[in-house]
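Chain A is the first sequence line, chain B the second, and so forth, proteins listed ahead of strands; every chain is numbered from 1.
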Amino acid sequence: MLDIKYLRQNVELVREKMEKRGKNIDFSRFSALETQRRDILQEVETLRAERNNVSKQIGELKKKKEDASVIIARMGEVSNKIKELDEKLRVTEEELGAFVMAVPNIQHASVPVGTSSEDNPVVRQWGEKPAFAFEPKPHWEIGENLQILDFERGAKIAGARFTLYRGLGATLERAVINFMLDLHTGEHGYVEVLTPFMANRDSMTGTGQLPKFEEDLFHVDKTDYYLIPTAEVPVTNIYRDEILEEKILPVYYVAYSPCFRAEAGSYGKDTRGLIRQHQFNKVEMVKFVKPETSYDELEKLTLNAEEVLKRLGIAYRTVTLCSGDLGFSSAKTYDVEAWMPGQNAYREISSCSNFEDFQARRASIRFRREESDKVEFVHTLNGSGLAAGRTVVAILENYQQADGSVIIPEALRPYMRGKEKITI
RNA sequence: GGAGAGAUGGCUGAGUGGCCGAAAGCGAUCGCCUGCUAAGCGAUUGUACGCCCGUAAAAGGUGUACCGCGGGUUCAAAUCCCGCUCUCUCCGCCA
């Protein structure tokens, strides 16, 4: 959520920024509502002040056993008027709130202008794409041949976009998760957390999934619970409605969680394999930081994600999302894309974003400056470190051998009972 | 699932209709005192939204709201009534 005061004073600037994101928003309604809100507020507060004063007088009169019936009657009217105005105010604020909640974040000045993922500039590239003496297979063929991925039975158990992992396939996914958690906690300074995998409406609103993106979520019938689409939701909401001490910042958390996504509107996209699932595993890094450090923290966060691929020996490139490709809540995002030979393409395996104070304002996460005692919003960041399913895809496709087996990257072998290879 | 108790400021905890944004204590900050530390003394100590004054930004003044959340009664609600949520205790069930 943007700061209403800032929005009020910079309507035109914000409108231009949104235009670059491909969003044409009519702010005239906002300005009208905002003026209306302040007018009503002033009127109702004046009446309240009067009521408070007169009520005090009534108390004194009664104590002296004097007659107060005339002013009591008058105050009755004032109270009715207050009730009326309160209702008007509530309606106005509701519409205003809905409007502001639907406005995306303002992108950082360094975000390139563009309309789609075609316009995302590459900022870094690492590693050698493996050379194959044979036609590299897509991971779904490798996995089915090795009997470690079972898409048919996954679909039988739940439906399309669910997969059953078996044997060393299941072990590999678990190894990837544990390896990443150990790396981020042991070497990158993150504290591990294990969260609820469902979250309530307030939490979903705090991080920006709601109210706008309800159709992307799985909702648990007859409850206020949603399955989390990413650990970003529970982890960022750890500090919702809190004022933190400055000295605890920055806070780094890393969490494993399954992620549940409805994938509405992606029919026909990535229908085969593990790339786009209703349920997938992910290790997520989340940071709470002071505003002045958040862009440095974004760089470090992105490098932490990239480090996983370096250790696994998988080629990747990192792109900056252009204005038109940027997510709703983000001010700046880097995507890390791993090389996937079976698809002859780089595919997103991590997305690292700085939300600045956008989520913090929605979720009311603040900190108190020691020097001035002032309360300010923190900046929040998060990034996948990495998506486990897609990491398994990258491993299978990059490390596949002519005989159909898959070499296990050395970094993972301690997590796989020392196994070096997946064979039939 | 059944029965009961509770939710007040950073914390402990008082407050059953007006004198309560809220006693007291603790903690914290600033100042005084002491050679240092401790003790002691004094002051300050929430958040949000408006308005005024003013500014580079602030400071300052003033009003309103907030005692788990939502609604109701009343001229007036932390206080009375209703609904909800959460916490705790006991019983049942259970990984």
Within the 4.0 Å heavy-atom criterion, would you say A:Leu41 contacts the bases, only the backbone, or no part of the nucleic acid? sugar-phosphate

Separation of B:A77 atom P from A:Met75 atom CE, nearest Å, is 13 Å

So what does A:Val375 touch, heavy atoms closer than 4.0 Å: a base, only the sugar-phosphate, or nothing? sugar-phosphate

Are any of A:Arg368's side-chain N or O atoms less than 4.0 Å away from OP1 or OP2 of B:A28? no

Length of the CD-P vector between A:Glu245 and B:U45, whole Å: 20 Å

Distance check needed: B:G50 C1' versus A:Glu34 CD, whole Å only. 11 Å

In this structure, how many angstroms lie between the P atom of B:G10 and the NZ atom of A:Lys247, rounded? 16 Å

Whole angstroms only, please: what is the CG-P distance between A:Asp39 and B:U64? 19 Å

In whole angstrom, what separates A:Asp202's CG from B:G70's P? 11 Å

Would you please name every residue forming a salt bridge (charged side-chain N to carboxylate O under 4.0 Å, His left out) with A:Lys247, sequence neighbours left out? A:Glu245

Taking only distance into account, with no hydrogens and no angle test, what donor-acceptor pairs under 3.5 Å do side-chain atoms of residues 302-311 of chain A form with protein atoms, sequence neighbours excluded?
from     : atom 1 : to       : atom 2 : distance (Å)
A:Thr302 : OG1    : A:Leu298 : O      : 2.8
A:Asn304 : OD1    : A:Tyr190 : OH     : 2.7
A:Asn304 : ND2    : A:Lys300 : O      : 3.4
A:Glu306 : OE1    : A:Arg124 : NE     : 3.1
A:Glu306 : OE1    : A:Tyr316 : OH     : 2.9
A:Glu306 : OE2    : A:Arg124 : NE     : 3.1
A:Glu306 : OE2    : A:Arg124 : NH2    : 2.8
A:Glu306 : OE2    : A:Thr318 : OG1    : 2.7
A:Glu307 : OE2    : A:Arg311 : NE     : 2.7
A:Glu307 : OE2    : A:Arg311 : NH2    : 3.3
A:Arg311 : NH1    : A:Glu187 : OE2    : 3.1
A:Arg311 : NH2    : A:Glu187 : OE1    : 2.6

What is the distance from CD of A:Glu77 to P of B:U74, rounded to the nearest Å? 15 Å

